[in-house]
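Below: the structure, in structure tokens.
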Number of protein chains: 4
Amino acid sequence: MPTPSRRPRADAGRNRARVLEVAAHLFTERGGEVQMADVARTAGVGIGTVYRHFPTRQALVEAIAEQRFLEILGFARTMCEKAASGREAVRTLLEHIGQVHEDGRALSRVIESTLGNTAPRGPVQAELRELGDTLIARGTADGTLRQDATFDDLYMLVGALATVARANIGDWHRFIDITLAGLEPRTDPASP
Amino acid sequence: MPTPSRRPRADAGRNRARVLEVAAHLFTERGGEVQMADVARTAGVGIGTVYRHFPTRQALVEAIAEQRFLEILGFARTMCEKAASGREAVRTLLEHIGQVHEDGRALSRVIESTLGNTAPRGPVQAELRELGDTLIARGTADGTLRQDATFDDLYMLVGALATVARANIGDWHRFIDITLAGLEPRTDPASP
Amino acid sequence: MPTPSRRPRADAGRNRARVLEVAAHLFTERGGEVQMADVARTAGVGIGTVYRHFPTRQALVEAIAEQRFLEILGFARTMCEKAASGREAVRTLLEHIGQVHEDGRALSRVIESTLGNTAPRGPVQAELRELGDTLIARGTADGTLRQDATFDDLYMLVGALATVARANIGDWHRFIDITLAGLEPRTDPASP
Amino acid sequence: MPTPSRRPRADAGRNRARVLEVAAHLFTERGGEVQMADVARTAGVGIGTVYRHFPTRQALVEAIAEQRFLEILGFARTMCEKAASGREAVRTLLEHIGQVHEDGRALSRVIESTLGNTAPRGPVQAELRELGDTLIARGTADGTLRQDATFDDLYMLVGALATVARANIGDWHRFIDITLAGLEPRTDPASP
DNA sequence: GATGAATGAGCATTCATTCAT
DNA sequence: CATGAATGAATGCTCATTCAT
């Protein structure tokens, strides 16, 4: 790894990145029982350094969560154009999110218990919103999603999916199937 | 109140019931910050007594959760027969569950963070399973649910619904709508 | 000491007294660098026990300070009647207080830096006030103190004396001399 | 302000003065909770620079205290000659000192808790001593102070006055009154 | 059975000081 | 000379659980 000498020069927040990476790793493997001191030790820095960059345990978790959002956002942008339809675009996104939560169950639980279900702050939030709106619009336009589908529906389903995937409540692929079926245009507007 | 003298009569597990009731109350109002000592004090017993009946905090939470399951089970039995169709029976059940979690958000969070998503143990589990199977069977029989709908689907959706309702992720009534739409018989076999 | 077995029965706050005694000792010898854990260890109890009786470091210091006040109060009552005059009664009191602060310099500093100059709360305060008033009244009545001497003067001088004695600013006996001379009846009302 | 470019000219100890000034300000306003980093930030320098000039927090406080002594010394020199008598000269000095401590209570406490009651080192000490001796000598010579009054008395009373003024123990003007009365020539040799 | 005092490992956070650049 | 990122020992406090009475 990029750690030539013990105390490089700390070019800007090189350490910050390292701490973040290490923390994500530890949370993923050991969950909430990870202590700030563990993070520091594993990252090879003093605990003070961890606190310089993340003044609170919660701040650290927030940073990790934001990083995750960014990864998902990146993936979503790439995939968005390749999908055959609006619904398939949503499906791909959901599958990715489900996988992220399955792969990082412990981390997911830490984020959930620390931040509740707070949406990301600032620019990320705006980008997320924009992306979601785009997907929904595409689906309603090409007729692969119900006309009344909204961003809020998507947001809600993502939250639910995260729970299903991280808590191992059932087969989250199946959850996506059912859910997307529920978002299809209603053939029979008056359900029997 | 029923505490005339210092030691009323120590009737069997009168205390157990009292502790359980008080604990549910406190968790509902103050969430996870409730301490075992609070429970004891509020119940008017020593903390040792609490531990006699519930050897662990987790055990106490489990007992509360089971009680909840029982209430839901009771409601479900009553409602089951009145519903117009299998799907409507499921809807009624889900609506009830959503309401329970909305009304007891803090308690819901405590249960979630303490027990993860562990299903109830013992007899309750069996009864729950039986009830669920019955509902699903009725729906597939009367054609108001997809033929491939299973108990596991229901279990998963209940878990997801609980999250949506307790974390306030969105409108859980809407969640039920989408979800039940997804469980309808497939008019268009084209979707995977 | 009255510690037959390791965990006697903790008759009421036997432990409380022990912790208080030990804490006073340690503060007297090592001053502010004493940690709560030290107190617990030295007292032979768990740190939780210390916190049970004194929920805060400040609370512990307050208790020690109050104890000191009580000792002084006790001494003052005894001495009050034996003194030849009001002024001599005040002198005896001041000498005692000076001695207490000289003997417990480090403890005095801890009390000062923790509580500032807060007067004792509750009943002790009232008793102190009463005693002081009595002394002043006697002195003004028998003509050994200035007619305009007040309790507030005494309170202020005690505070100043405490500083002189604990900080070793000078000879506190001399401070008392000067101070009492200043409280004598004014022979010459218009000072030259 | 004198910070045109990033590094003005680095004139000798221009920084030292700035840090000193800023630190005194901060201590006066926020007391002991001021951190070294606050001082650096407010002074617009790096924390390393603060430590270059004052190798220790205590050193910084000492420098501030010395500065104060110098101000008082300056005032004393001016006033000394104008006073009507030795006693009045002492009174004027004490009034000034009381005012300084009242105006800078928080700073006073910081100095006290950091330095205890250490007298200033080096030349300032000598000047202070000389001034005090002069005042006392004048008072004993013109008969407005007791013949046995000494510099140590004055030093002690100043220390006590500082406590009264900074801790708000009582009316420090009254303290000066009583104290000076105690330093008057003894009309009645009866008292010890 | 009941009681509640005692336990003590565990934890997040602070801040004066150092030193590589 | 200046900078400020890094350091890490120190600290007060919590709370589930135990056990002597």
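A, B, ... follow the sequence lines: proteins, then strands. Residue 1 opens every chain. Owing to the predicted nature of the structure, the values given are computational and were not obtained by experimental measurement.
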_When the P atoms of E/dG1 and F/dT21 are compared, how many Å lie between them, rounded to an integer?_
22 Å

*From CA spacing to verdict: side-chain hydrogen bond (donor to acceptor under 3.5 Å, both in side chains), D/Glu71, D/Gln67*: CA-CA 6 Å; D/Glu71 288 167 5; D/Gln67 196 180 239; 4.6 Å; no

_A/Arg30/A/Asp38 under side-chain contact (heavy atoms from CB on, under 4.5 Å): CA gap, chis, key distance, verdict_ = CA-CA 11 Å; A/Arg30 306 215 299 267; A/Asp38 294 334; 3.4 Å; yes

*asked:* Quick check on DNA chain E: between C/Gly46 and D/Thr56, whose nearest nucleotide comes earlier from the 5' end?
replied: C/Gly46

*asked:* Can you tell me if C/Arg52 touches the phosphate of E/dA5, counting only side-chain N or O atoms and a distance under 4.0 Å to OP1 or OP2?
replied: yes

*asked:* Closest approach to the side chain of A/Met36, judged atom by atom: which nucleotide of E/dA12, F/dT14, F/dT17 is it?
replied: E/dA12

*How does DNA chain F look in dot-bracket form if you count Watson-Crick and G-U pairs under 3.5 Å, write [ ] for pairs that cross, and put | where a base pairs with another strand?*
.||||||||||||||||||||

*Taking the nucleotide of DNA chain F with the closest heavy atom to each, which residue, B/Glu33 or C/Val34, is nearer the 5' end?*
C/Val34

*Would you call D/His25 and D/Glu29 a side-chain contact if the rule is heavy atoms closer than 4.5 Å?*
yes

*Value in whole Å for how far the P atom of F/dG8 lies from CD of A/Gln35*: 17 Å

_Output the rounded distance in Å from CZ (A/Arg41) to P (E/dC11)._
11 Å

*For B/Asn15 and E/dG1, is the shortest distance between a side-chain N/O and OP1 or OP2 below 4.0 Å?*
no

*Could you state the atom-to-atom distance from CZ of B/Arg16 to P of E/dA2 in whole Å?*
13 Å

*Could you check if a side-chain atom of C/Phe27 sits within less than 4.5 angstrom of a side-chain atom of C/Val61, using non-hydrogen atoms only?*
yes

*For the pair made of CZ in D/Phe54 and P in E/dA16, what is the distance, rounded to whole Å?*
15 Å

_side-chain contact (heavy atoms from CB on, under 4.5 Å) assessment of B/Leu115 paired with B/Glu112_ = CA-CA 5 Å; B/Leu115 309 181; B/Glu112 208 281 332; over 6 Å; no

_A/Ile64 to A/Ala24 - nearest heavy-atom pair and separation_ = CD1-N, 3.8 Å

*Does C/His53 put a side-chain nitrogen or oxygen below 4.0 Å from OP1 or OP2 of E/dA6?*
yes

*asked:* I need the CZ-C1' distance between D/Arg57 and E/dT17, as an integer number of Å.
replied: 12 Å

*Is any side-chain heavy atom of C/Arg105 closer than 4.5 Å to a side-chain heavy atom of C/Asn168?*
yes

*Contact nearer the 5' end of DNA chain E, comparing A/Gln58 with B/Gly44*: B/Gly44

*Nearest of F/dG12, E/dT13, F/dT11 to any side-chain atom of A/Ile47?*
E/dT13

*Are A/Thr49 and F/dA5 close enough that a side-chain N or O sits under 4.0 Å from OP1 or OP2?*
no

_Residue C/Tyr51, side-chain heavy atoms: nucleotide from F/dT14, E/dT13, E/dT18 that is nearest_ = F/dT14

*Rounded to the nearest Å, what distance is computed from the CG atom of residue A/Leu60 to the P atom of nucleotide E/dT13?*
10 Å

*Let me know, please, whether A/Val45 or C/Ala37 comes out on the 5' side of the other along DNA chain F by nearest nucleotide.*
A/Val45

*Do C/Arg68 and C/Leu107 touch side chain to side chain, with heavy atoms closer than 4.5 Å?*
yes

